[in-house]
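This report concerns only the one structure given below.
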Amino acid sequence: MGAHVISTEAWSELRFSSTPQISISIAPNLTVLAMIADALAGRRRGLPELWRRAISARVGPYGHESVRPLAAPGRTVAPDSLVARSPIDGDVTVQSQISALQDIAPDALLKDMEQAFGPGAPPAHWRAAAEHPRRWLRGYASAVTDVWNTTEPLWKRARPLLDREIERVGVAAVRGRPELLFGSLSDRIVCTERGLLISDPEPIAHDLGDRRIVLVPTLAGKDSVIVSLDDPEAVWIAYPVRGADSLWRKPVRPAVDELSALVGPIRADLLCALDQPMTMSMLATDMKIAPSGLTYHCDRLRAGRLITRERRGREMWIARTRRAEELLELFRR
């Protein structure tokens, strides 16, 4: 039946009769899916507005068109092609997800839809994708690419949080106390004596049987949960990693005095502010600096190959270069 992008207050049930095996998968493609659902499809699950705007502005028209099916109110079931690379097989890179999407044949997408929705015409919100499957696959792959290009710096900074989560899941698995772990994943997941209740407007009931549970920490809004309950090998649950809210705030600053001595205080602050690509207007608001002054400092940073500028429509987007990332890393404490 595909993945469920969870969004309201009914409950699916996952029943198990014995202590389940649990493992963890590091799969940023599910962070991308969660951000697509929140920022592009309007399923607001706690992503900060600044990131929501940045992601929406970076995605092209085909990408926006492809995610419309995810915006249907009260509908969460989607074809498995949304997650072309499943986390049950181990860690999944975003590039491998994009490659898998590009390799999916249109007929395979139609088969996924039939498995998710049953024979016959798919629901109205998926019919455009069914009528033009190749176009949908290209558009969705482009959305994944654009969202990842925007959020990859955040993912890199989250490595300590992910490492701690790997350790936390491992301790719970070794001690045989998964109920303590399940109860702390999200307010939208409730651990009971019979199993798990998962918030879902299209509730279903599944028996875990002898399948394992794969946990996938994401950098999504605090209320974002994505699950797949019907794979014959394992169930996977994507949930916000603990402490992710700290990443939405300003990045950890480098040693400001040292960096300022090198590039100047305003340009040091500007580089730190560019934790994700931003428009000139967003930067001016964030830094409380006049557009003319901002343009001057951006020109100097661009001359030093520390930022790039890219025009998208009527907006000019600014991003740090790899050279700038390496420079900032030298001064971080």
List the steps, then state whether side chain to side chain contact (heavy atoms under 4.5 Å, CB included) holds for R68 with H125. CA-CA 8 Å; R68 287 176 187 165; H125 56 293; over 6 Å; no
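- Between A273 and L283, the closest heavy-atom pair is CB-CD2, 4.1 Å.
- The shortest distance between side-chain heavy atoms of W148 and M35 does not fall below 4.5 Å.
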Test side chain to side chain contact (heavy atoms under 4.5 Å, CB included) applied to I226 and T218, step by step: CA-CA 10 Å; I226 306 174; T218 67; over 6 Å; no
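- The aromatic rings of F117 and W126 are tilted relative to each other, their planes meeting at an angle between 30° and 60°.
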Test side chain to side chain contact (heavy atoms under 4.5 Å, CB included) on H297 and I289 and set out the steps. CA-CA 11 Å; H297 290 294; I289 186 172; 4.1 Å; yes
Output, in order, the C-alpha distance, side-chain angles, deciding distance and verdict of salt bridge (Lys or Arg N to Asp or Glu O under 4.0 Å) for R242 and E165. CA-CA 7 Å; R242 298 175 76 177; E165 188 66 6; 5.3 Å; no
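- Atoms CG and CD1, on L270 and I307 in that order, are 6.5 Å from each other to the nearest 0.5 Å.
- Using a distance-only test at 3.5 Å, with no hydrogens or angles considered, no donor-acceptor pair links the side chain of R85 to the main chain of V94.
- The closest side-chain heavy-atom distance from F16 to P178 is not below 4.5 Å.
- One finds the CG atom of D146 at 11.0 Å from the CD1 atom of I55 (value rounded to the nearest 0.5 Å).
- A salt bridge links D275 to R320: one of the charged nitrogens lies within less than 4.0 Å of a carboxylate oxygen.
- Note that the CD1 atom of I22 and the CZ atom of R212 stand 11.5 Å from one another [nearest 0.5 Å].
- Salt-bridge annotation for R58 and E315: absent, with no side-chain N of the basic residue lying under 4.0 Å from a carboxylate O of the acidic one.
- Scanning all heavy atoms of the two residues, the minimum distance from G183 to C191 falls at N-CB, 4.3 Å.
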Can I26 and W155 be said to form a side chain to side chain contact (heavy atoms under 4.5 Å, CB included), step by step? CA-CA 11 Å; I26 302 302; W155 182 263; 3.5 Å; yes
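- Minimum heavy-atom separation, A220 to P240: O-CB, 4.1 Å.
- Enclosure of atom OH in Y62 is not indicated, since only 12 or fewer non-hydrogen atoms of other residues, nucleotides or ligands lie within 6.0 angstrom.
- Atom CG of L271 sits about 11.5 Å away from atom CD1 of I318, to the nearest 0.5 Å.
- Using a 4.0 Å cut-off between charged side-chain N and carboxylate O, K111 and D107 make no salt bridge.
- Residues I36 and V144 are in side-chain contact: their nearest non-hydrogen atoms beyond the backbone lie under 4.5 Å apart.
- Side-chain atoms of T151 do not come within 3.5 Å of backbone N or O of L154 as any donor-acceptor pair.
- Y140 places a side-chain N or O within 3.5 Å of a backbone atom of L82 that can act as its donor or acceptor partner.
- Looking at R188, its side chain never comes within 3.5 Å of a backbone N or O of S224 through a donor-acceptor pair.
- Once rounded to the nearest 0.5 Å, the distance linking CG of L137 with OG of S142 reads 11.0 Å.
- Look at R323 and E326 and you find no salt bridge, because none of the NZ, NE, NH1 or NH2 atoms lies under 4.0 Å from a carboxylate O.
- Counting heavy atoms from C-beta on, the side chains of S56 and L40 come closer than 4.5 Å.
- Between A54 and P277 the shortest heavy-atom distance is CB-O, 4.1 Å.
- At least one side-chain heavy atom of S66 sits less than 4.5 Å from a side-chain heavy atom of W136.
- Side-chain N or O atoms of E202 include one that pairs as donor or acceptor with a backbone N or O of V77 at under 3.5 Å.
- At most 12 heavy atoms of other shown residues, nucleotides or ligands fall within 6.0 angstrom of atom CD in Q21.
- Shortest non-hydrogen contact noted between S96 and T93 is OG-O, 2.8 Å.
- Side-chain atoms of R15 do not come within 3.5 Å of backbone N or O of G195 as any donor-acceptor pair.
- Across all non-hydrogen atoms, the minimal contact from V83 to P87 is CG1-CD, 4.3 Å.
- Screening residues 287-304 for salt bridge (charged side-chain N to carboxylate O under 4.0 Å, His left out), with sequence neighbours left out, gives D299-R309.
- S12 contributes a side-chain N or O that, together with a main-chain N or O of I204, makes up a donor-acceptor pair within less than 3.5 Å.
- By the neighbour-count criterion of 12 heavy atoms within 6.0 Å, atom CZ of R134 is sparsely surrounded, having that number or fewer from other residues, nucleotides or ligands.
- With contacts defined as side-chain heavy-atom distances shorter than 4.5 Å, the pair E233/S86 does not qualify.
- One finds a salt bridge joining R194 and E13 here, because a Lys/Arg side-chain nitrogen approaches an Asp/Glu carboxylate oxygen to under 4.0 Å.
- In this structure, D38 contributes its side chain and R45 its backbone to a donor-acceptor pair below 3.5 Å.
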Do R44 and E49 pass the salt bridge (Lys or Arg N to Asp or Glu O under 4.0 Å) test, and can you show the C-alpha distance, the side-chain angles, and the key distance before you say yes or no? CA-CA 10 Å; R44 300 200 168 204; E49 189 60 31; 3.2 Å; yes
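- Within a 6.0 Å sphere centred on CZ of R159, other residues, nucleotides and ligands contribute more than 12 heavy atoms.
- We find the CE-CD1 distance between M287 and I266 to be 7.0 Å, quoted to the nearest 0.5 Å.
- Clustering ILVMFWY residues whenever any of their side-chain heavy atoms sit less than 4.5 angstrom apart, transitively, puts V147 in a cluster other than the one holding V92.
- A 6.0 Å sphere centred on CZ of R305 holds no more than 12 heavy atoms belonging to other residues, nucleotides or ligands.
- Using a distance-only test at 3.5 Å, with no hydrogens or angles considered, no donor-acceptor pair links the side chain of R312 to the main chain of V59.
- Side-chain N or O atoms of R211 include one that pairs as donor or acceptor with a backbone N or O of D231 at under 3.5 Å.
- At least one side-chain heavy atom of C298 sits less than 4.5 Å from a side-chain heavy atom of M280.
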